[in-house]
Amino acid sequence: MSKGELTGQRALVTGANSGIGKGVALALGKAGAKVVVNYISSEEDANAVVEEIKANGSDALAIRADVSQEDQVQAMFRQMIDAWGSIDILVANAGVQRDADFTEMTLKQWQFVIDVNLTGQFLCAREAAREFVRRGIVPELSCSAGKIICMSSVHEVIPWAGHVNYAASKGGVNLMMQSIAQEMAEKKIRVNSISPGAIATPINTDAWETPQAREELLKLIPYHRVGLPEDIAKAAVWLASDASDYITGTSLFVDGGMTLYPGFREGG
Ligand code: NAI
Ligand code: BGC
């Protein structure tokens, strides 16, 4: 990936003060994009990401907004467009887990995860698409009128006991992404997902923190290493760039082979 290939483009990454979102925001900045670092809590962490992007030579802006709230999402897009004129790249990354056995799962746990992971991506994608359509293609920046990248998960295809709300939200992201891609393609707007496997971040600390947990986790990963935010960030830069022009409606699995059903290596 050559440095500067996103120069002049304006990106918004939701949930960019932590984990995968932080990695993506830093990588987009290194590729030359200006980056809005969206956050809902830990303003200090968001400001630190902004400072790191600036130190690497690009511009950045921290904006607080709860992605599940329409008025806050709209205000965030207005603030970005007022500051930088438009948006070229959206990475709808913010996500949460609220795990529970199915028979114990409360409506609140179900609704919270659907609101953030699915409705949040809908609200952000809709605002981005509205601006892409209004503005159209800017040939000096990109041959596409805009790029949307949804952060999905291997659990858009792998059922996940104890995480019914989460798996349902990511399954929803897949058909939402494909349907938006189908509808917006004639406007030259590209819409894709990244579906990460197990990436070491605060969302899944229990799965990789102790040697025992890591050993169990590695049984599910044929490539035999836990993923890093940088693994996802590289894919995001590529999907945001013209190097991936002609790719739309695709879910890119970045999972070390987790979706290859490793249990069938010796069985079946
Ligand atoms: P994380 O917990 O480090 O990051 C989640 C981010 O979303 C945080 O910055 C959090 O503050 C933000 N957020 C939560 N609710 C929000 C809201 N209402 N409005 C705005 N921001 C909000 O976890 P991680 O792993 O970086 O997760 C990022 C995305 O990647 C999520 O969508 C997650 O489902 C997805 N993912 C993560 C995987 C992993 O193994 N870590 C694997 C597959 C998908
Ligand atoms: C979840 C993580 C989990 C990974 C692999 C992600 O979507 O957020 O908690 O480790 O999938 O199962």
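One-based numbering, in listed order, for ligands and for the atoms of each. Excluded from the calculations below are hydrogen atoms, water molecules and symmetry mates; all remaining heavy atoms, backbone and side chain alike, are included.
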In ligand 2, which numbered atoms sit nearer than 4.0 Å to a non-hydrogen atom of Ile203? 8 (O)
Which residue and atom name correspond to the protein heavy atom nearest atom 6 (C) of ligand 2, and how close is it? Tyr166 OH, 3.5 Å
Does a donor on one side chain and an acceptor on the other come within less than 3.5 Å for Ser86 and Arg135? yes
If the cut-off is 4.0 Å to any non-hydrogen atom of Ser153, which atoms of ligand 2 fall inside it? 6 (C), 7 (O), 11 (O)
Residue, atom name and distance, where the atom is the protein heavy atom closest to atom 3 (C) of ligand 2: Trp160 CH2, 3.8 Å
Kindly say whether Gly249 contributes a backbone atom to a donor-acceptor pair with the side chain of Asn192 at under 3.5 angstrom? yes
Of all the atoms in ligand 2, which lie at a distance below 4.0 Å from a heavy atom belonging to Asn204? 2 (C), 9 (O), 10 (O)
Could you report the tightest heavy-atom contact between Leu239 and Ser193, atom names first, then the distance? CD1-O, 4.1 Å
Do other residues, nucleotides or ligands put more than 12 heavy atoms under 6.0 Å from the CD atom of Gln111? yes
Take the angle between the ring planes of Phe264 and Tyr261 and call it parallel below 30°, perpendicular above 60°, tilted in between. perpendicular
Applying salt bridge (charged side-chain N to carboxylate O under 4.0 Å, His left out) to Arg78 and Glu131, what does each step give before you reach the verdict? CA-CA 10 Å; Arg78 267 197 305 276; Glu131 174 59 14; over 6 Å; no
May I ask you to identify the nearest protein heavy atom to atom 4 (C) of ligand 2, giving residue, atom name and distance to one decimal place in Å? Gly197 O, 3.8 Å
Side chain to side chain contact (heavy atoms under 4.5 Å, CB included) between Val133 and Met184: does it pass, once the steps are laid out? CA-CA 9 Å; Val133 169; Met184 304 311 296; 3.5 Å; yes
Who's closest to atom 11 (O) of ligand 2 heavy-atom-wise, of His155, Glu156, Gln97? His155
Sorted by chain and residue number, the residues with a non-hydrogen atom under 4.0 Å of ligand 1 are Gly15, Asn17, Ser18, Gly19, Ile20, Asn38, Ile40, Ala65, Asp66, Val67, Asn93, Ala94, Gly95, Val96, Val116, Met151, Ser152, Ser153, Tyr166, Lys170, Pro196, Gly197, Ala198, Ile199, Thr201, Pro202, Ile203, Asn204
Can you list the steps and then say if Asp88 with Lys147 is a salt bridge (charged side-chain N to carboxylate O under 4.0 Å, His left out)? CA-CA 6 Å; Asp88 306 282; Lys147 283 85 55 167; over 6 Å; no
Residue among Ile194, Leu260, Thr259 satisfying side-chain contact (heavy atoms from CB on, under 4.5 Å) with Phe253: Thr259
